[in-house]
There are 2 protein chains.
Amino acid sequence: MIESTHREHGGASVDERGDADLRQRINTRFLGQAAAGRLHAVANTRPYPLDPLAPPIELVGATMKFCANAEIYGEGEPAEYFYQVVTGSVRTFRVLRGGRRQISGFYLPDDLFGLEPGDEHSHSAEAIVDSRVVVMKRSTMLCLAARNDNIALQLCAVARRELARAQAHALLLFQSAQGRVAGFLLDMASRSPQGDTIELPMSRRDIADFLGLTIETVSRTLTSLESEATIALSNARRIVLRNRLALSQMNA
Amino acid sequence: MIESTHREHGGASVDERGDADLRQRINTRFLGQAAAGRLHAVANTRPYPLDPLAPPIELVGATMKFCANAEIYGEGEPAEYFYQVVTGSVRTFRVLRGGRRQISGFYLPDDLFGLEPGDEHSHSAEAIVDSRVVVMKRSTMLCLAARNDNIALQLCAVARRELARAQAHALLLFQSAQGRVAGFLLDMASRSPQGDTIELPMSRRDIADFLGLTIETVSRTLTSLESEATIALSNARRIVLRNRLALSQMNA
DNA sequence: CGTGCAGTTGAGCAAATTCAACGCTTGTGG
DNA sequence: CCACAAGCGTTGAATTTGCTCAACTGCACG
């Protein structure tokens with residue numbers, strides 16, 4: 001009964017094998033979530049049909065589904081879990097004074113996220129498109145880490161990777177609009193399974209809020225790059241890199 | 001003989017208790033350093049008199065002295081050590097295409113630095129003013145960590161703090177010139193021992209390269225803040241916060 | 001066949017950079 | 001002691017960049 005309720009209202013579902021505590025938390029979280037309607041995230045938050053297939057549990061945790069724009073966690077909440085994208089994609093962000101939004105990272109399949117410097121989330125996380133996410137209890141991981149040095153060091157490695165990502169982001173923000181877009185495209189391409197073809201899951205607004213630009217500037221920069229034959233825009237969400245060298249020269 | 005050589009040419013010295021391996025490395029490093037003369041860091045790199053007093057070793061390591069603008073480590077070098085500021089201050093940075101420089105962080109007494117995501121330094125580090133720095137061998141720390149879970153978790157904590165710092169930096173870079181300067185001042189004040197009075201160790205160029213602005217914009221913004229009575233500039237390197245509220249409103 | 005949303009394009013404007021000059025302090029040498 | 005060069009910081013004017021506001025296109029959905 002509880003499960004059917006959150007399926008109708010929450011935009012998130014948990015596979016059957018999740019433990020009771022986790023399910024409880026998920027229900028309390030997502031019952032109130034659809035009504036939140038935060039900035040830029042009001043549309044398309046509809047119930048999502050429960051996937052009958054249980055996806056493989058990659059680590060200690062349960063797999064959850066989030067439909068597009070559903071909140072995974074919110075800024076200020078206690079950071080009790082780690083997350084890993086299975087399918088789909090996720091954005092993490094903060095909302096600044098004046099309603100502006102800073103997206104701090106995009107997470108694609110296999111990426112880990114939710115590792116916060118403190119005990120509570122300094123960012124919010126939302127699914128960009130319908131996504132499956134593995135949820136791991138942080139205390140369980142730390143408990144394992146206490147018994148297994150290797151896991152502790154792996155956690156360390158995750159933190160360091162996240163640090164590298166944040167530094168790369170700062171590097172992007174140092175540059176001109178063209179440099180930022182070029183760097184973003186190169187990064188996305190390096191994470192894309194299809195080499196030079198990028199399938200963007202996120203909107204222009206997301207890109208703009210990640211790069212610290214306006215959607216107009218992002219759009220103009222992309223069309224300018226296309227007119228120079230540096231990239232090709234098959235459609236708005238599908239970009240092919242035609243001249244990586246030119247892009248890297250704009251970036252660094 | 002080796003020691004006298006590096007004292008004359010290197011701008012760095014190591015206290016007597018440093019182990020032989022460390023001394024060897026330091027000598028090879030700093031013999032060639034004075035001639036490097038990198039961007040923005042050519043002036044005032046003279047020999048520094050050896051301090052006869054051995055400062056307390058706070059962690060597993062040796063204390064070294066660096067005179068103003070001396071290089072502590074360089075981008076691309078293997079990251080074999082962690083560092084902690086004892087006195088003075090340190091900047092870490094990368095040099096971008098076109099000769100621009102991105103300062104990624106300022107480190108004041110007690111701050112740890114040199115924790116890199118990979119096995120080699122992704123940034124360079126330089127003393128801003130004459131400084132004393134504790135140097136700890138990374139492998140020693142990791143070895144300790146392997147035997148002591150607590151140390152492993154502490155290393156994790158350091159990484160997470162560094163992550164928070166990088167995220168805060170990205171947040172700064174998202175804002176207007178005024179917002180960046182305001183955020184910078186608030187951060188420096190929060191790390192200052194004297195409350196509202198900030199004694200800046202770094203030049204306008206350093207600040208500009210940290211905030212992604214030009215020195216002119218930094219200067220203009222500061223004088224503008226002073227004319228609004230938000231801050232007072234006793235002299236160029238000494239700033240007093242007069243209206244923290246106004247600053248925080250500009251920042252977030 | 002509208003309606004609504006995402007994306008693009010254009011014109012005018014504000015913000016920050018560039019280029020240039022100037023003041024202040026400091027250290028050097030006559 | 002003064003003259004003077006060198007750095008650092010500030011100020012001004014012109015230019016460039018990216019933003020704001022607005023219109024318009026294309027596509028998906030009902």
Side-chain angles (χ1 to χ4, degrees), chain A residues 37 39-46 68-69 96 98-101 128-129 172-182 184 198-227 231-239 250, chain B residues 37 39-46 68-69 96 98-102 128-129 172-182 184 198 200-227 231-239 250:
Chain A
L39 187 80
H40 303 314
V42 289
N44 201 20
T45 309
R46 292 163 310 163
N69 297 309
L96 313 183
R100 295 180 345 104
R101 180 183 65 158
I128 296 176
V129 295
L172 272 190
L173 297 176
F174 236 76
Q175 303 171 58
S176 67
Q178 216 184 38
R180 296 185 204 194
V181 172
F184 170 73
I198 308 169
E199 208 72 52
L200 293 175
M202 73 289 285
S203 68
R204 293 290 189 269
R205 167 138 302 287
D206 286 336
I207 299 173
D209 289 349
F210 178 70
L211 296 179
L213 300 170
T214 59
I215 52 176
E216 294 94 333
T217 301
V218 171
S219 180
R220 273 186 255 271
T221 306
L222 286 174
T223 53
S224 151
L225 288 176
E226 181 173 39
S227 70
I231 62 171
L233 289 151
S234 336
N235 69 58
R237 299 283 182 109
R238 183 194 197 86
I239 298 179
M250 292 171 198
Chain B
L39 189 81
H40 303 314
V42 288
N44 202 21
T45 309
R46 292 163 312 162
N69 297 310
L96 313 183
R100 294 178 348 104
R101 181 183 64 159
Q102 182 198 31
I128 296 175
V129 295
L172 272 190
L173 297 176
F174 236 76
Q175 302 172 59
S176 67
Q178 216 184 38
R180 297 185 203 192
V181 172
F184 170 72
I198 309 170
L200 293 175
M202 72 290 284
S203 68
R204 293 289 189 271
R205 166 138 301 286
D206 286 336
I207 300 173
D209 289 348
F210 179 69
L211 297 178
L213 300 170
T214 59
I215 52 176
E216 294 94 331
T217 301
V218 171
S219 180
R220 274 186 253 272
T221 307
L222 286 174
T223 53
S224 150
L225 288 175
E226 182 173 40
S227 70
I231 63 171
L233 289 152
S234 333
N235 68 58
R237 300 280 183 111
R238 185 194 195 85
I239 298 178
M250 292 171 199

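Note that the coordinates shown come from a computational prediction; the quantities given were computed from them, not determined experimentally. Chain identifiers are assigned alphabetically (A, B, ...) following the order of the sequence lines, protein sequences preceding nucleic acid strands; residue numbering begins at 1 within each chain. Below, each value reflects all heavy atoms present in this structure, side chains not excepted, and no hydrogens, waters or symmetry copies.
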Mind calculating the distance between [atom1] ([X]) and [atom2] ([N]) to the nearest angstrom?
X: A:Leu233; N: D:dT25; atom1: CG; atom2: P; result: 20 Å
X: B:Leu225; N: D:dT11; atom1: CG; atom2: P; result: 13 Å
X: B:Leu211; N: C:dT17; atom1: CG; atom2: P; result: 10 Å
X: A:Arg205; N: D:dT20; atom1: CZ; atom2: C1'; result: 13 Å
X: A:Arg204; N: D:dT25; atom1: CZ; atom2: C1'; result: 14 Å
X: B:Leu222; N: D:dT10; atom1: CG; atom2: P; result: 7 Å
X: A:Arg100; N: D:dG18; atom1: CZ; atom2: C1'; result: 13 Å
X: B:Glu226; N: D:dG9; atom1: CD; atom2: P; result: 15 Å

Between the base of D:dG12 and the side chain of B:Arg220, is there any donor-acceptor pair under 3.5 Å? yes
Within the structure shown, what part of the strands sits under 4.0 Å from [X] by heavy-atom distance: base, sugar-phosphate, or nothing?
X: B:Arg237; value: sugar-phosphate
X: A:Leu213; value: sugar-phosphate
X: A:Ser203; value: sugar-phosphate

Short side-chain N/O contact to D:dC19 OP1/OP2 from A:Thr217, under 4.0 Å: yes
Reckon B:Thr214 has a side-chain N or O less than 4.0 Å from the OP1 or OP2 of C:dT17? yes
From [X] [atom1] over to [Y] [atom2], what is the distance, rounded to the nearest 0.5 angstrom?
X: B:Arg220; Y: B:Gln178; atom1: CZ; atom2: CD; value: 14.0 Å
X: B:Ile207; Y: B:Leu213; atom1: CD1; atom2: CG; value: 10.5 Å
X: B:Thr214; Y: B:Arg204; atom1: OG1; atom2: CZ; value: 12.5 Å
X: A:Ile239; Y: A:Leu222; atom1: CD1; atom2: CG; value: 5.0 Å
X: A:Arg180; Y: A:Thr221; atom1: CZ; atom2: OG1; value: 10.0 Å

Nearest of C:dT8, C:dA6, C:dA20 to any side-chain atom of A:Thr223? C:dT8
Using the closest heavy atom to pick a nucleotide of DNA chain D for each, name whichever of A:Ser176 or A:Glu216 lands nearer the 5' end. A:Ser176
